[in-house]
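The structure under discussion appears below in the form of structure tokens.
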Amino acid sequence: MAHWLMKTEPDECGIDDFAQAPETAITWDGVRNYQARNFIKAMSAGDEVFIYHSSCKHIGIAGVVKVVKTAFPDPTQFHPDSPYFDEKSTRDNPRWQSVDLRFVSKLPRLIPLNELKTLPGLEELALVKRGSRLSVMPVSAEQWQIILRQVS
DNA sequence: GCCAACGTTGGC
DNA sequence: GCCAACGTTGGC
């Protein structure tokens with residue numbers, strides 16, 4: 001089983017949106033970056049994902065969700081009214097992919113970004129690298145354990 | 001709200 | 001293929 005981290009603005013789709021409907025799969029749409037898209041394609045059912053809250057008051061890792069449906073064409077790319085519409089994408093050759101995710105847990109406390117930056121062993125995590133804008137990234141088993149240990 | 005860093009676009 | 005201009009991300 002692989003591990004991942006996905007960024008989101010909590011007003012849009014934060015950990016509380018998952019927690020409020022723990023039996024419901026939520027489609028993760030709107031990823032419009034090729035590197036992030038490729039990571040979405042590489043996800044397997046059962047993979048666990050850290051949910052990271054960005055562009056908000058309390059920035060950091062807030063909880064865990066899991067992949068319940070592997071990559072399929074992101075429906076929003078076909079909707080002209082969607083902010084994520086992509087006129088160059090076709091049904092036959094879709095550019096963008098989504099996965100379905102379901103709630104696993106909220107962390108006992110949010111782990112702030114500035115704390116993550118101090119943890120030995122996370123130097124290679126894209127999240128803590130200066131200027132990194134990648135919104136979907138792999139997390140190694142070691143990195144995953146280091147992060148969970150902070151709240152256990 | 002500011003702005004540095006980044007990814008994408010498009011002219012050449 | 002280069003690279004300047006532009007738009008976006010995202011911490012502060």
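Below, chain A is the first sequence line, B the second, and so on; all start at residue 1.
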Within residues 32-41 of chain A, residues whose heavy atoms come under 4.0 Å of DNA chain B: Asn33(A), Tyr34(A)
Whole angstrom value for the distance that separates P of dT8(C) from CG of Asp86(A): 14 Å
Specify the residues of residues 90-98 of chain A, ordered by number, for which at least one heavy atom lies under 4.0 angstrom from an atom of DNA chain C. none
Over all atoms of both residues, closest heavy-atom pair of Leu101(A) and Met6(A): CD1-SD, 4.0 Å
Shortest non-hydrogen separation from Pro112(A) to Leu110(A) and the atoms involved: CD-O, 3.3 Å
Enumerate, atom names and distances included, each donor-acceptor pair closer than 3.5 Å involving a side-chain atom of residues 16-31 of chain A, sequence neighbours excluded.
{"unit_1": "Asp16(A)", "atom_1": "OD1", "unit_2": "Lys106(A)", "atom_2": "NZ", "d": "2.7"}
{"unit_1": "Asp17(A)", "atom_1": "OD2", "unit_2": "Gly14(A)", "atom_2": "N", "d": "2.8"}
{"unit_1": "Thr27(A)", "atom_1": "OG1", "unit_2": "Asp100(A)", "atom_2": "OD1", "d": "2.6"}

Please determine whether salt bridge (charged side-chain N to carboxylate O under 4.0 Å, His left out) holds for the pair Asp74(A) and Arg32(A), giving the CA-CA distance in whole Å, both sets of side-chain angles, and the decisive distance to 0.1 Å. CA-CA 10 Å; Asp74(A) 180 341; Arg32(A) 294 295 180 269; 3.0 Å; yes
Would you tabulate the side-chain donor-acceptor contacts of residues 81-90 of chain A under 3.5 Å, counting partners in other chains and residues two or more places apart, or write 'none'?
{"unit_1": "Ser82(A)", "atom_1": "OG", "unit_2": "Tyr84(A)", "atom_2": "N", "d": "2.9"}
{"unit_1": "Tyr84(A)", "atom_1": "OH", "unit_2": "Glu12(A)", "atom_2": "OE1", "d": "3.3"}
{"unit_1": "Asp86(A)", "atom_1": "OD1", "unit_2": "Lys88(A)", "atom_2": "N", "d": "2.9"}
{"unit_1": "Asp86(A)", "atom_1": "OD2", "unit_2": "Arg95(A)", "atom_2": "NH1", "d": "3.3"}
{"unit_1": "Asp86(A)", "atom_1": "OD2", "unit_2": "Trp96(A)", "atom_2": "NE1", "d": "2.8"}
{"unit_1": "Ser89(A)", "atom_1": "OG", "unit_2": "Gln77(A)", "atom_2": "OE1", "d": "2.5"}
{"unit_1": "Ser89(A)", "atom_1": "OG", "unit_2": "Arg95(A)", "atom_2": "N", "d": "2.9"}
{"unit_1": "Thr90(A)", "atom_1": "OG1", "unit_2": "Asn93(A)", "atom_2": "N", "d": "3.0"}

Give each protein N/O atom lying under 3.5 Å from an N/O atom of nucleotides 10-12 of chain C, with the pair distance.
{"unit_1": "dG10(C)", "atom_1": "OP1", "unit_2": "Lys7(A)", "atom_2": "NZ", "d": "2.8"}
{"unit_1": "dG10(C)", "atom_1": "OP1", "unit_2": "Arg133(A)", "atom_2": "O", "d": "3.1"}
{"unit_1": "dG11(C)", "atom_1": "OP1", "unit_2": "Tyr52(A)", "atom_2": "OH", "d": "2.6"}
{"unit_1": "dG11(C)", "atom_1": "OP2", "unit_2": "Ser55(A)", "atom_2": "N", "d": "3.1"}

Quick check: on DNA chain B, is the nucleotide nearest Gly131(A) upstream (toward 5') of the one nearest Lys88(A), or the reverse? Name the residue that is more 5'. Gly131(A)
List the steps and the verdict of side-chain contact (heavy atoms from CB on, under 4.5 Å) for Thr70(A) and Asp47(A). CA-CA 10 Å; Thr70(A) 54; Asp47(A) 284 0; over 6 Å; no
Kindly check if the number of other-residue, nucleotide or ligand heavy atoms within 6.0 Å of NZ (Lys7(A)) is above 12? yes
Step-by-step side-chain contact (heavy atoms from CB on, under 4.5 Å) determination, Met1(A) to Glu48(A): CA-CA 8 Å; Met1(A) 181 182 66; Glu48(A) 290 184 322; 3.7 Å; yes
Rounded distance [0.5 Å steps], NZ in Lys129(A) versus CG in Leu122(A): 12.0 Å
State which residues pass ring-ring contact (aromatic ring centres under 6.0 Å, His included) with Phe50(A); sequence neighbours excluded, sorted by chain then number. Trp144(A)
